[in-house]
There are 2 protein chains.
Amino acid sequence: MNPELSLLETFLHGEKYYLPSVAANNVIFGFNDDQMKVLLLKITATEKWTLPGGFILKDEELIVAAERILKTATGLESVFLQQFGVFGGVDRAKEEMKTLPDQLKNVKISEDSFLLQRFVVIGYLALVKYHLVTPKCDEVTQCEWFDLNNLPPLTFDHNLIVENALKVLRFQLSYLPIGYNLLPEEFPLKSLQLIYETILGRKLDRGNFNKKILSYGILEKKEKFYGGGAHKAPYLYSFKKEIYFNALENGLSKDF
Amino acid sequence: MNPELSLLETFLHGEKYYLPSVAANNVIFGFNDDQMKVLLLKITATEKWTLPGGFILKDEELIVAAERILKTATGLESVFLQQFGVFGGVDRAKEEMKTLPDQLKNVKISEDSFLLQRFVVIGYLALVKYHLVTPKCDEVTQCEWFDLNNLPPLTFDHNLIVENALKVLRFQLSYLPIGYNLLPEEFPLKSLQLIYETILGRKLDRGNFNKKILSYGILEKKEKFYGGGAHKAPYLYSFKKEIYFNALENGLSKDF
DNA sequence: ACAAAAGTGTTTTCGATACACCCATGA
DNA sequence: TCATGGGTGTATCGAAAACACTTTTGT
């Protein structure tokens, strides 16, 4: 749940190191096997899966905390990572949190312990290359990818948080490029189209999608890929990094 | 700065009542005299103007806190009020805060007092009817409307927060209706156009604007308004509330 | 040869934009 | 009657959508 303190230690004296009342949760998206995935973790002793999250050190920038949480769960740094909302319902978590100590080791925790306080959660969304991630498991924590369209019930309001992350992505799709952080170096257009379709939640026309995505001038055509299947081999493409990252800053525009 | 505690009391024992580390700031927009306005306040003894803000009671929903802050500054409730971002830089405020006690009454405040802690600020943006607001002044606090295009230097990172609020509004303009909370019951199209122009930061074509806004079907034509000026009298319009509020939920769409 | 998937082209429609023209009003 | 601002109509352009046709591949 955090790099320095064990869960138990956080219960007992998290307030020494962390900003009280504030936490961060990451919605980490990946793409594999033609599907969008979300990285979830679970404390082995508990029932529900949860978003990777953690607390903010007293002198730590919010984004740095989010990066730290991302690195703990995936080993990755410097990917697309963006704040997308705040979730602060009163008692959104308390009842569920209370059951944690029992499930863990029957430790008695006082009512006013750090983790039982009210937290305002800042949501961050991350896009990462699936194949670069080794979901980090140990004795206490499981970590796994789930299909975005088939998530289990999550702790607290985390299902809501994922939905919000998706909604924000959907809006950004119309003016920002996407894919560089989700796809391997070279990929067929169809993969990118599948990402768009998953985020938008609807099918897109192949011809129109190709025309549009190519018109942005962020893609470079590579070799054909003879991959198997009785059909025409697709060309592979890669992103032109400079143009891609410029578009991330300034928005997409047609290149003519 | 908050309804229950004086500034001094908040300094001394804010932690008894408020969630630590979290605060809310409201960017309150109004429209008058053909211009967008922002409501600012200033503690008389200090230099800079600041956004209306406050803290979150320990068992208070975030949005309720934002409504409370809005009501304190304007007397209004139930207007358009929306969370739009989080601002949490380390030490974004500390140095400026430190000078407050001196300016107020030379009270000695300990280094670890409530107000000198680090705060994560949640930004809310409100749209209100200018003429319904009586900016609330008392001995300690001034409260005034400022032209959006001519804001003074604000405390902390509040100028940045206003800019962000505007950016968010600009995006929403393309898929949500706006104006009901800014205009009187009946108004000429030109007023609405001016709001759009201010938020977008550019001139719009009158003919095209009228066609587009009418195509949404959210407006109802009323009487002509003979107001003065040597020119054709404009029609007045009012919003069709049901359609307007439905569009706020589900987005704007053409009515045919 | 055939099915499946990829690439490419055509047509139509719609919205955004620019701009023209006429109308109403008070000075 | 003239200047000013308001209402409405037209022409153009480009993007989006629907869809057809061709090409390439393994079986």
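In what follows, every heavy atom counts, from backbone to side chain, and hydrogens, waters and symmetry copies are set aside. The sequence lines fix the lettering, A, B, ..., with proteins before strands; numbering per chain opens at 1.
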### Message
Is there a side-chain contact between A:Lys212 and the phosphate of D:dA16, meaning an N or O under 4.0 Å from OP1 or OP2?
### Response
yes
How many whole angstroms separate atom [atom1] of [X] from atom [atom2] of [N]?
X	N	atom1	atom2	answer
A:Leu204	D:dA18	CG	C1'	13 Å
A:Asn210	C:dT10	CG	C1'	16 Å
B:Asn208	C:dC19	CG	C1'	9 Å
A:Gln193	D:dA16	CD	P	15 Å
A:Leu252	D:dA15	CG	P	13 Å
A:Leu189	C:dT8	CG	C1'	13 Å
B:Phe187	D:dG6	CZ	P	14 Å
B:Lys203	C:dT17	NZ	P	16 Å

At a cut-off of 3.5 Å, list every protein nitrogen or oxygen paired with a nitrogen or oxygen from nucleotides 20-24 of chain D, distance to 0.1 Å.
| from | atom 1 | to | atom 2 | distance (Å) |
| --- | --- | --- | --- | --- |
| D:dT24 | O2 | A:Lys232 | N | 2.8 |

### Message
If we check side chain to side chain donor-acceptor pair (under 3.5 Å) with B:Lys37, which of these qualifies: B:Asn149, B:Asp147, B:Thr198, B:Asn32?
### Response
B:Asp147
### Message
Measuring only between side-chain heavy atoms, which start at C-beta, is A:Lys129 closer than 4.5 Å to A:Asn181?
### Response
no
### Query
So, do A:Tyr244 and A:Leu248 sit near enough that their side-chain heavy atoms are less than 4.5 Å apart?
yes
### Message
Taking the ring centre of each residue, are B:Phe171 and A:Tyr175 less than 6.0 Å apart?
### Response
yes
### Message
Just checking B:Tyr180 against B:Phe80, ring centres under 6.0 Å apart?
### Response
no
### Query
Ignoring hydrogens and angles, does a donor from either the side chain of A:Asp205 or the base of D:dA16 sit under 3.5 Å from an acceptor on the other?
no
#### Entry: Side chain of B:Lys211 (C-beta onward), nearest among C:dT17, C:dG7, D:dA17
C:dT17
### Task
Kindly confirm or rule out a cation-pi arrangement of B:Lys221 over B:Tyr237, judged by NZ or CZ under 6.0 Å from the six-membered ring centre and within 45° of its axis?
no
### Polar contact flag, side-chain donor to acceptor under 3.5 angstrom, B:Asp205-B:Asn208
yes
